[in-house]
Amino acid sequence: SITTKEITMLKDRRHILLKDNQYSNTLVEPIEITPLESLGISITKGEAVGLFPGFIVRNYSIDAEHKRIRIFLKSTESERHSCPICSGEKVHIHAYRDVWYKDSPIGDYKVEICITVTRYICYSCRYGFSDRPKIVHPYYRLTKRAYSYILNMLQSEDATVSKVSKLTGISWQTVKDIEKAVLRKRFADVDTSQVRYIAMDEISIKKRHTYATLIIDAQTQVLLAAIEGRTQADLAPFFEMLQERGHAQNIKGATMDANAGFNTIVKQYCPNAVIVLDQFHVIQNYNNQVIDAERIKLQEDISKRAEELSLSVNKTPKQISMGLKWAVFTGYDRLLKNNEIDHELKELVLNNQTLSKVCIMGDCLRRLWTKVRSKTQAAYSAVNWCKMAEESGIESLADFGRRFRSHLPDVIHASLTGLNTSILEGMNNRCKVIKRMAYGFRDMEYYFLKLFQAFSNVRQSKLRLSGNFKI
C-alpha cells in the first residue's frame, strides 16, 4: 500500500521529469569563445602578468590557427651591474636586443616570450656582457618553468623525447640534453654494498659485431653496469671500482656464458665468487654445434632422395627442413609427447639413429642443471655425460664433450647455487625494444642511461639461491 504523501512525491517527481524532457530536443546556438577565454588567462598591455614576475607586457599576439602565443615582456626591475671579469662597477649600456625563450604550454597553445636584454661594456677591461633574466634557464633558451615542465613530463612511463618536444615546441636535441643531464646525475653512483650475486651477458648494440656488456644484481634485478665492449680491459674499471669500495669480497657467485674473458676477470677481482655456467647458453651452443650439424646432414640426404620421399612424405624438402629444425630443438622427450609436431617429421627423427641419439644426449645435458641434489651427484652426472659424449662415435658430439669437460666445475656450481641468466636474457629483449622504439642510438652514453632508467626499480628475483654452499 502507498500512502498519500508518497503519491504526492511521485507526482512531483514525474512533473519534474516531464518539465526537463520538454527541452531535450531544443538545439542550443553555439557561442564565440576567444583563445584567452578558452585558456582561462588574461593578458593586458602595460600590466604585469603573474606568470612572469618582474615583467610587464609590452605586446602580445595569439595565433589560433597554429596554436601559438607570443608575449613581449619588459623588465620592471633595475639592477646595478658589475663586470664579471674585473668586478668593476663602471659599466655603460652598449646595446639592446630581443631574445626569444620557450615557455611551458598553456592548454594546447605553445608559448614564446620575447625579453629585451641589455648588453653592457666595462670601462676598465672593455669586457662585454649581458644581463640574464631570473625567470629563464642559465644555459637553454627556455624559462625555468618550461624546464620543470619537461622534467615532469619525462617522468611518465609513456613519455618520449619526441612527444615532449612536439608538445612544448622545444627542439628534440634540447629535451634530450635535459634528460641526459638529469639521468647522468641520478645514476652517477650505483649502490653495490648489498650485491652478493651478479649476472653478466653481452648485447649487440651496432652492426659488425659491436657489443656491450650488462652486469646486474641477480637478486634485485637492478642494472649495475652497462659497458661498451666485452673484453677484460673494458670490464676492468667496474671491478676495480668494486675493489676500491671493498665490495668485491662480498660477491659470492657470478653467472655467465662460456666467455673466457668474463670467467678470468671475475676470478681475478672477486676471490670469493664461484663461476656459474648458464644452462641457456650451453644448450644454445649444443643445439647449434651438435644437433644442427646432424640435422643438416639429414636434410642433405632428404634433398638427394627428394623423389623417393615425395611418395611417402606428403611435404616438399623445404617444408621438411623448416619443421625439422623446430622439432629437434624441442628435445627428445618433448618430441615424443608433443602431439602438435607432424607425425611424418617425428618418424624422420626417430628413424635416424644419429639424430635421435644427439637429441637424447641433449635431454641428459639439460638434467645436469635440474635433477641433481648434491655436489657428488652433480660431479658424477657431469663426468659421466662427457664420457658418453666422447665415446658416442659422433664427431660433433664427441668434440663438444671434450670442450665441455673443461667447464664441469662451473656446471656443478650452477646445479648447487640455482644461479642463471634467465632474468638477464629477458632484460636483453627489453634493451632491444628500447633501441627499436628510438630507431637506434647514436649517443651510446644516452642509450646506457636509458637502460639504467628502465632497470632501476628493485624487483625481488625468484631464483633459488643458496648462500651456504661450499665448493
**Prompt:** Nearest heavy-atom pair of Tyr127 and Pro84: which atoms, and what distance?
**Reply:** CE2-CG, 3.6 Å
**Request:** Mind listing the closest non-hydrogen atom pair of Arg196 and Ser193 along with its distance?
**Result:** NH1-O, 3.2 Å
**Request:** Check whether any side-chain N or O of His66 sits under 3.5 Å from a backbone N or O of Arg68 as a donor-acceptor pair, and report yes or no.
**Result:** no
**Distance, nearest 0.5 Å, that separates CG of Asp191 from NE2 of His247** = 7.0 Å
**Item:** Over-ring placement of Lys435 relative to Phe441, 6.0 Å and 45° cut-offs
**Value:** no
**Request:** Would you give the length of the straight line joining atom CG of Leu73 to atom CD1 of Ile56, rounded to the nearest 0.5 angstrom?
**Result:** 9.0 Å
**Message:** salt bridge (Lys or Arg N to Asp or Glu O under 4.0 Å) for Asp399 and Arg403? Distances and angles first, verdict last.
**Reply:** CA-CA 6 Å; Asp399 183 58; Arg403 287 184 283 107; 3.3 Å; yes
**Message:** Checking Arg245 against Thr192: is there a side-chain donor and acceptor pair closer than 3.5 Å?
**Reply:** yes
**Prompt:** Does a side chain donor of either Ser396 or Gln289 reach within less than 3.5 Å of an acceptor in the other side chain?
**Reply:** no
**Asked** Any idea how Tyr147 and Tyr140 line up, ring-wise: parallel (<30°), tilted (30 to 60°), or perpendicular (>60°)?
**Response** parallel
**Request:** Find out whether Asp292 and Asn287 are in side-chain contact, i.e. whether some heavy atom of one side chain is under 4.5 Å from a heavy atom of the other.
**Result:** no
**Request:** Return the minimal non-hydrogen interatomic distance between Pro53 and Ile135, and the atom names on each side.
**Result:** O-CG2, 4.1 Å
**Asked** Below 4.5 Å, heavy atoms only, C-beta onward: do Ile434 and Arg430 meet side chain to side chain?
**Response** yes
**Asked** Is Glu228 close to Asp234 at the side-chain level, that is, under 4.5 Å between some pair of heavy atoms?
**Response** no
**Request:** Could you tell me whether the side chain of Gln279 reaches within less than 4.5 Å of the side chain of Ile283, counting heavy atoms only?
**Result:** yes
**Asked** Looking at side-chain heavy atoms only, is the closest gap between Cys86 and Cys125 below 4.5 Å?
**Response** yes
**Whether Phe404 and Phe400 hold their rings parallel, tilted or perpendicular, with breakpoints at 30° and 60°** = parallel
**Request:** Could you label the plane-to-plane angle of the Tyr269 and Phe239 rings as parallel, tilted or perpendicular, counting under 30° as parallel and over 60° as perpendicular?
**Result:** parallel
**Message:** For Tyr149, is there any backbone N or O sitting under 3.5 Å from a side-chain donor or acceptor partner on Ser104?
**Reply:** no
**Asked** So, Ser456 side chain and Gln453 main chain: donor-acceptor pair closer than 3.5 Å or not?
**Response** yes
**Item:** Within-4.5 Å side-chain heavy-atom neighbours: Thr264 and Gln232
**Value:** yes
**Message:** Once rounded to the nearest 0.5 Å, what's the spacing between atom CD1 of Ile198 and atom CG of Asn250?
**Reply:** 12.0 Å
**Request:** Quick one: pull up NE2 in His94 and CZ in Arg126 and give me the separation to the nearest 0.5 Å.
**Result:** 9.5 Å
**Prompt:** Are Lys297 and Glu294 close enough for a salt bridge, meaning some N to O gap below 4.0 Å?
**Reply:** yes
**Message:** Donor-acceptor pair, distance only, cut-off 3.5 Å: does the side chain of Arg132 make one with the backbone of His137?
**Reply:** yes
**Working for side-chain contact (heavy atoms from CB on, under 4.5 Å), residues Ile170 and Ser165** = CA-CA 5 Å; Ile170 298 172; Ser165 175; 5.6 Å; no
**Message:** Can you tell me which residue among Tyr60, Phe55, Trp100 is in a ring-ring contact (aromatic ring centres under 6.0 Å, His included) with Phe72?
**Reply:** Trp100
**Request:** Would you please say whether a donor-acceptor pair under 3.5 Å links the side chains of Lys432 and Asn428?
**Result:** no
**Prompt:** Does one side chain, of Thr174 or Asp177, offer a donor that lies under 3.5 Å from an acceptor on the other?
**Reply:** no
**Asked** How far apart are the closest heavy atoms of Cys114 and Asp98, and which atoms are they?
**Response** SG-CB, 3.4 Å
**Request:** Report the distance from atom CG of Leu424 to atom CG of Asp201, rounding to the nearest 0.5 Å.
**Result:** 5.0 Å
**Message:** Let's go through Phe52 and Ile113 carefully: what are the C-alpha distance in whole Å and the side-chain angles of both, what is the deciding distance for side-chain contact (heavy atoms from CB on, under 4.5 Å) to 0.1 Å, and is it a yes or a no?
**Reply:** CA-CA 10 Å; Phe52 312 105; Ile113 62 173; 3.6 Å; yes
**Fill in**
CE of Met361 to OH of Tyr286, rounded to nearest 0.5 Å, is 5.5 Å
**Fill in**
Leu368 and Ala382 have their tightest heavy-atom pair at CD2-N, 3.8 Å
**Test: Asp443 and Lys180 ion pair at under 4.0 Å** = yes
**Message:** Using the rule given for side-chain contact (heavy atoms from CB on, under 4.5 Å), can you reason through Ile178 versus Leu142, listing the C-alpha separation, both sets of side-chain angles and the distance that settles it, and then say yes or no?
**Reply:** CA-CA 12 Å; Ile178 291 173; Leu142 48 87; 4.2 Å; yes
**Flag side-chain contact, heavy atom, 4.5 Å: Val266 against Ile251** = no
**Asked** Just wondering, do Ile216 and Leu224 contact through their side chains at under 4.5 Å, heavy atoms?
**Response** no
**Whether Tyr447 side chain and Cys431 backbone form a donor-acceptor pair below 3.5 Å** = yes
**Matching residue for Leu449 among Arg184, Met444, Arg186 - test: side-chain contact (heavy atoms from CB on, under 4.5 Å)** = Arg184
**Aromatic centroids of Trp369 and Phe280 separated by under 6.0 Å** = no
**Message:** Using only atom types and a distance under 3.5 Å, with no angle test, would you say the side chain of Lys144 pairs donor to acceptor with the backbone of Lys134?
**Reply:** yes
**Message:** Using a 6.0 Å distance limit plus a 45 degree cone around the ring axis, check whether Arg230 lies over the aromatic ring of Tyr211.
**Reply:** yes
**Message:** Before you tell me yes or no, could you show the steps for Asn272 and Lys252 under side-chain contact (heavy atoms from CB on, under 4.5 Å), namely the whole-Å CA-CA distance, both residues' side-chain angles and the distance that decides it to 0.1 Å?
**Reply:** CA-CA 6 Å; Asn272 297 329; Lys252 297 180 180 180; over 6 Å; no
**Message:** As a quick check of understanding, evaluate salt bridge (Lys or Arg N to Asp or Glu O under 4.0 Å) for Asp103 and Lys110, giving each step before the final call.
**Reply:** CA-CA 8 Å; Asp103 196 17; Lys110 299 177 179 65; over 6 Å; no
**Request:** For residues Asp278 and Thr255, report the shortest heavy-atom separation together with the two atoms involved.
**Result:** CB-OG1, 4.0 Å
